[in-house]
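Every chain is numbered from 1 and lettered A, B, ... according to where its sequence line falls, protein lines coming before strand lines. All values reported here derive from a predicted model rather than from experimental measurement. No hydrogens, no waters, no symmetry mates; every other heavy atom, side chains included, goes into these values.
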2 protein chains.
Amino acid sequence: MSETLQGPDFSPLYRQVKELLLQRIAAGHWKPGDILPSETKLAGEFNVSQGTVRKALEELAAEHLVVRHQGKGTFVTARGAEQPVHFFSMMTADHQRLPPRFNGKVTHEVGLATPAERRSLGLPEGADVVRIFRVRLVGGTPSMFDEIILARAQFPGFEQHLNRDDQVNTYVIMEKEYGVLAVRSEEWLSAVPAEPRHAEVLNVEVGQPMLKIDRVTYGVDGKPIELRTVWVDTTDCHYYNSVS
Amino acid sequence: MSETLQGPDFSPLYRQVKELLLQRIAAGHWKPGDILPSETKLAGEFNVSQGTVRKALEELAAEHLVVRHQGKGTFVTARGAEQPVHFFSMMTADHQRLPPRFNGKVTHEVGLATPAERRSLGLPEGADVVRIFRVRLVGGTPSMFDEIILARAQFPGFEQHLNRDDQVNTYVIMEKEYGVLAVRSEEWLSAVPAEPRHAEVLNVEVGQPMLKIDRVTYGVDGKPIELRTVWVDTTDCHYYNSVS
DNA sequence: AAGTGGTCTAGACCACATC
DNA sequence: ATGTGGTCTAGACCACTTT
């Protein structure tokens, strides 16, 4: 790595190191929760200085792909009971995080992806998707209606995992069962009238204002892995965002 | 700065440097748009290494308090036509930024702050607030209703600045007229039925779903400077958020 | 040519966790 | 005692901007 690079695809050394680490994480060489080699070892392996490896790791940490602990080491991000998914923005009225809790009735359907779904998920024509529906509870009362859309080929049998527990997080399942790490989401919010199918299960009137959240979630490689729409009765909770 | 600090209020050198720079910006020693001394000069002044100053500046840049340009220098963040406020999350239906445009009819009232307003703004009992009301246009049609609440003592005559132009940004006014830099916002979103006062000016039916955004904005010193509630008709626009 | 921030290196010492 | 990441330093060279 000592020769000078100048080509059009030039990038700083630490970014090249970051890219290599990213590829190994994406390929499952290190799995969520695994410890990475120390800065010194990585520096030796890549023939760069420890400071260069450090800068690569700091960027990965800023993107929540790894977690660093002084005295312990650097670990691939793992979600679970201890480490909740950080990109979940619903809060109770008194600004507490919402504990994940569902009513246990998960339904699903398998079908051909619509053109819009294919575009958003990057799927070829004729691909199948799984659409999963469930209801989230806030303080015991049904308040949110989830519709989750996944590529069937990427997550075969996904819906079965959701039926096993009433508080499973879909991103934890993706991680533990399919080795797919959710990294980033884009969300679009609007206010819409409650539809009959929501009124039925959420104990609201048809037409009552609901917060609608359209979300696309991306994996380590930057490709979309999930589409989700959530309809929320915001009587008892809010969507929180801190922006700087 | 060579003696070892160990006390309960210990903080790394680069954070102390950052704090000093922050204080100077907050005090108006450097104003928005001003260039800061180079890393080398700051390092000399503070008797630390250039790398330590760099780390302080990088943190300030990450928080959008300064902007760095290779070959030119480091500048205090300035908002305006060129550099729009980055924490404005409403997008048109086709994912474009909304140009700021108001209908020009700004109304306001001055009154005693309510207990809730005092708590949110950190005001003493008996303090006055100004409440400003205006309507934002999306593609020419009125779509958003703003209620802006400010401490009267901090921003005397603020409402007059809003009447001068139909596309002024309140944070630009705070910066240019009062030397107050808005740095961070917290927002809470919910869906609510349109009230009569909104229906009247936004051309919607009473009861129609509206996106309600409650926002608190903080200044350089971390103290709240503005309360705002925005009611949005999300027919033609969405609230966008990218979360990682 | 001179000055700026961006990258890279090498080495020192510290704080923290584990053995 | 050892190993980890966190801080701090000093110096080199590069890329970009302005004079």
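- Shown here are the ring-ring contact (aromatic ring centres under 6.0 Å, His included) partners of A:F155, two or more places apart in sequence or in another chain: A:F158, A:Y178.
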Using the 3.5 Å cut-off, write out each protein N or O paired with an N or O of nucleotides 17-19 of chain D and the distance between them.
none

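- The interatomic distance linking A:F75 (CZ) with C:dC16 (C1') rounds to 13 Å, in whole Å.
- OP1 or OP2 of D:dG6 has at least one side-chain nitrogen or oxygen of A:R54 nearer than 4.0 Å.
- Residues satisfying the ring-ring contact (aromatic ring centres under 6.0 Å, His included) criterion with B:W30, sequence neighbours excluded, are absent altogether.
- Residues satisfying the side-chain hydrogen bond (donor to acceptor under 3.5 Å, both in side chains) criterion with B:E187, sequence neighbours excluded, are B:R215, B:Y239.
- Residues B:E39 and A:Q50 each lie close to DNA chain C; by heavy-atom proximity, the contact nearer the 5' end of the strand is made by B:E39.
- Distances shown here put a side-chain N or O of B:R68 below 4.0 Å from the OP1 or OP2 atom of C:dG6.
- The side-chain contact (heavy atoms from CB on, under 4.5 Å) test applied to B:E186 returns A:Y240, A:S242, B:R184, B:W188, B:Y218, not counting sequence neighbours.
- Taking each heavy atom of A:L65 and A:L22 in turn, the nearest pair found is CD1-CD1, 3.6 Å.
- Listed by first then second residue, pairs satisfying salt bridge (charged side-chain N to carboxylate O under 4.0 Å, His left out) with a partner in residues 11-27 of chain B read B:R15-B:E59, B:K18-B:E59, B:K18-B:E63, B:R24-B:E45, not counting sequence neighbours.
- Listed pair A:Y14 / C:dT7 meets the phosphate criterion, a side-chain N or O lying under 4.0 Å from OP1 or OP2.
- Contact check, A:T74 against D:dG5: a side-chain N or O comes under 4.0 Å of OP1 or OP2.
- The shortest distance between the side-chain N/O atoms of A:T52 and the OP1/OP2 oxygens of C:dC8 is not below 4.0 Å.
- Within the 4.0 Å cut-off from OP1 or OP2 of C:dT4, at least one side-chain nitrogen or oxygen of B:K41 is found.
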